[in-house]
J.: 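Have a look at this one before I ask anything.
Order of the sequence lines fixes the chain letters, A, B, ..., with proteins taken first and strands second; residue numbering starts at 1 for each chain.
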Amino acid sequence: MSLITPDFGLLFWMTLIFGIVFFILAKFGFPVLTEMVRKRQERIEQSLKDARDIEERMASWTQKEAKMREDARKGQALMLREAAEEKNRIIADARTEAKSEADKLLAEARTSISAEKESALRDVRREVAILGVEVAEKILREELSGADAQRAYLEKMLDEASKADTIK
Amino acid sequence: MIAALLISLLLLQAPVESPSAFDMDEYLYGHVMDAYDWHITTINGKHISIPLPVIVRSKTTGWHVFSSAKLAHGHEYEGFFIHHDAESHKDRIMEHTSAGDVRPLDISITKNVAGLMFNSLVLVLLVLLGVRWYRKHDAREEAPGGFSGLLEMLVMMVENDIIKPCIGRDYKRYSPYLLTAFFFIFVNNLLGIVPFFPGGANITGNIAVTFMMAMFTFLAVNLFGNKHYYKDIFWPDVPVFLKAIPLMPLIEIIGVFTKPFSLMVRLFANILAGHMMILGVVSVVFLTAELGAAMNSGLSVIAVLFGVFMDILELLVAFLQAYIFTMLSSVFIGLSRQHPEQEKAE
């Protein structure tokens, strides 16, 4: 058999065998593999894209979270301040109320004291008047025991009365 | 390598002087040529070989199918015999007829055909075994390991590094053929290096096999070539006087045939030369047998070392030639599928 002349039998079998091999591998072999690898590649690309999206979303979330934190802190400070103000106001209110209450009580006490004093004075005065009248009675009884003395006293009383009229 | 060549060439002279030495021609060509039976080994002068079916069609007596063992040692069977010392049709089956010896239509399962069948079976089983993983698993969720992983790596390397860049956007259509061609050549090259049965058949170093491989690429290029490809052949973009003669179309048409021709010769010559080189290096062991034990054992050690080197080199060549065949086929197909207008627009 010659080295460089193709043999017909081998040409025939080669065509047949390669044809069968090609048919089997092109139908059940390589496309299955390449198709799967292509799908996997698509999936990997998709996953990478998803990961990037998630990363971005995470970044935005972190930003949002920081903002929320900041807002919360601001709100907290505001509330604290408001609470402090409220407290101060309440204390001040309470103070003023207490003061007014105390004033009122004081005033009431004062009025009641003055009323007491007045009534006490009135009592004293009455007592004094009664005493005076009694004393005067006694004195008068003593002094007006003679007729002269009664006369002189009458005159004096008349004088005084007329004086009082002129004054009026 | 050159040293190995020189040594083997020098030692080739030896058997000429001593007629009892082994037949170098028989040894070399017996290994690389096709045969009607598959010679495995010779023990104590007894040939051990597997007889293969002979299928011949005679013009006068029709189809004949029989074992090649019937034709061994110059025997004749049903009028057929193997022509051992003729100038033309040497070592081929001939038929005795009244008009002299004629060559019948011969589609025997020869050594190369049997090797081709075995290697193809191995290839198909390996690929289907590797692909089985993808039927059982969701490849989007996980990647295969082990043999399927190796197959995936090789397939994707061929597709991504050779087919896709060389062909362009139509690559999916040609990918199954080119992948089959790559693995077909690769497996046949590798099993050709295996020195014992059922490897060792010189399949991709046979011109008929590489001729058909080149023919398939030729068909893939020219049957599916687009308008632009044929315009470039018959009316290329050159000054009119070059087309009027018609010099350029002639060169282009020759080019259409030289491309697959180069594919055919490159693969054939590389693999054949590789086989020859390994055989040459190994033959040193036998050629030096008559030079004495010291010379023989010394040179045998060198021969074995060179043999190891050559085998490793051939492993590289086995891959490289499959790679080159696939790449050039892809390039030729890519040239027949150019879309210059659209590519410019893109």
J.: Which one of A:I24, A:I44, A:L33 has the most heavy-atom pairs closer than 4.5 Å to chain B?
T.: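 Answer, by heavy-atom pair count under 4.5 Å with chain B: A:L33.
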J.: If you apply the rule salt bridge (Lys or Arg N to Asp or Glu O under 4.0 Å), what do you find for A:R40 with A:E45, and how did you get there?
T.: CA-CA 9 Å; A:R40 190 194 303 148; A:E45 269 159 33; over 6 Å; no
J.: Report which part of A:F12 has an atom under 4.5 Å of a heavy atom belonging to chain B: side chain, backbone, both, or neither.
T.: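 For A:F12, the contact with chain B is made by the side chain alone.
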J.: Which answer fits B:E159, side chain, backbone, both or neither, if we ask what part of it has an atom under 4.5 Å from a heavy atom of chain A?
T.: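 Just its side chain gets close to chain A.
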J.: Which region of B:L128, side chain (C-beta onward) or backbone (N, CA, C, O), has a non-hydrogen atom less than 4.5 Å from a non-hydrogen atom of chain A, or is it both or neither?
T.: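 Looking at B:L128, just its side chain touches chain A.
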J.: With a 4.5 angstrom heavy-atom cut-off, is it the side chain or the backbone of B:V155 that approaches chain A, or both, or neither?
T.: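 Contact with chain A: side chain only.
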J.: Using the six-membered ring wherever Trp is involved, compare the ring planes of A:F18 and B:F216 and label them parallel, tilted or perpendicular (cut-offs 30° and 60°).
T.: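 Because their plane-to-plane angle is under 30°, the rings of A:F18 and B:F216 count as parallel.
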J.: Do you know which of B:A143, B:S148, B:G205 has the most heavy-atom pairs with chain A at a distance under 4.5 angstrom?
T.: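 Result: the option with the highest number of such pairs is B:A143.
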J.: So, are A:K163 and A:E160 salt-bridged, with charged N and O less than 4.0 Å apart?
T.: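 Between A:E160 and A:K163 there is no salt bridge, as every charged N stays at least 4.0 Å from the carboxylate O atoms.
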J.: Under a 4.5 Å heavy-atom cut-off, does chain A meet the side chain of B:I55, its backbone, both or neither?
T.: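 Looking at B:I55, just its side chain touches chain A.
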J.: Relative to chain B, which of A:E42, A:R38, A:K27 shows the most heavy atom pairs under 4.5 Å?
T.: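 Ranked by contacts with chain B, first place is A:R38.
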J.: Under a 4.5 Å cutoff for heavy-atom pairs, which residue among B:M215, B:R132, B:E141 has the most contacts with chain A?
T.: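 Option with the top pair count is B:E141.
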J.: In terms of side-chain geometry, is the basic nitrogen of B:R173 or B:D170 positioned less than 4.0 Å from the acidic oxygen of its partner?
T.: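 No, this pair does not count.
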J.: Do NZ/NE/NH1/NH2 and the carboxylate oxygens of A:K67 and A:E70 come within less than 4.0 Å?
T.: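 Not counted as a salt bridge, because no side-chain N and carboxylate O are separated by less than 4.0 Å.
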J.: By a 4.5 Å heavy-atom criterion (distance strictly below it), what part of B:F184 contacts chain A: side chain, backbone, both, or neither?
T.: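 Only the side chain of B:F184 comes within 4.5 Å of chain A.
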J.: Which residue in the set B:F261, B:F211, B:F257 passes ring-ring contact (aromatic ring centres under 6.0 Å, His included) when paired with B:F218?
T.: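 Of the listed options, the one satisfying the test is B:F257.
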J.: Among B:D161, B:V158, B:I185, exactly one meets side-chain contact (heavy atoms from CB on, under 4.5 Å) together with B:Y323. Which residue is that?
T.: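 Only one option passes, and that is B:D161.
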J.: Answer with side chain, backbone, both or neither: which region of B:D138 has an atom nearer than 4.5 Å to a non-hydrogen atom of chain A?
T.: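 Neither part, no heavy atoms under 4.5 Å.
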J.: What part of B:S120 is in contact with chain A, defined as an atom under 4.5 angstrom from a non-hydrogen atom: side chain, backbone, both or neither?
T.: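 Contact with chain A: backbone and side chain both.
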J.: Shortest non-hydrogen contact from B:P51 to B:D37?
T.: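 It is CA-CB, 4.2 Å.
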J.: Counting heavy-atom pairs under 4.5 Å to chain A, which of B:L123, B:L272, B:T210, B:L116 comes out on top?
T.: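 Of the candidates given, the most pairs with chain A belong to B:L116.
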J.: What part of B:M117 lies closer than 4.5 angstrom to a heavy atom of chain A: side chain, backbone, both or neither?
T.: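 Both the backbone and the side chain of B:M117 come within 4.5 Å of chain A.
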J.: Relative to the ring of B:F183, is the ring of B:F186 parallel (under 30°), tilted (30 to 60°) or perpendicular (over 60°)?
T.: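 Rings of B:F186 and B:F183: perpendicular, over 60°.
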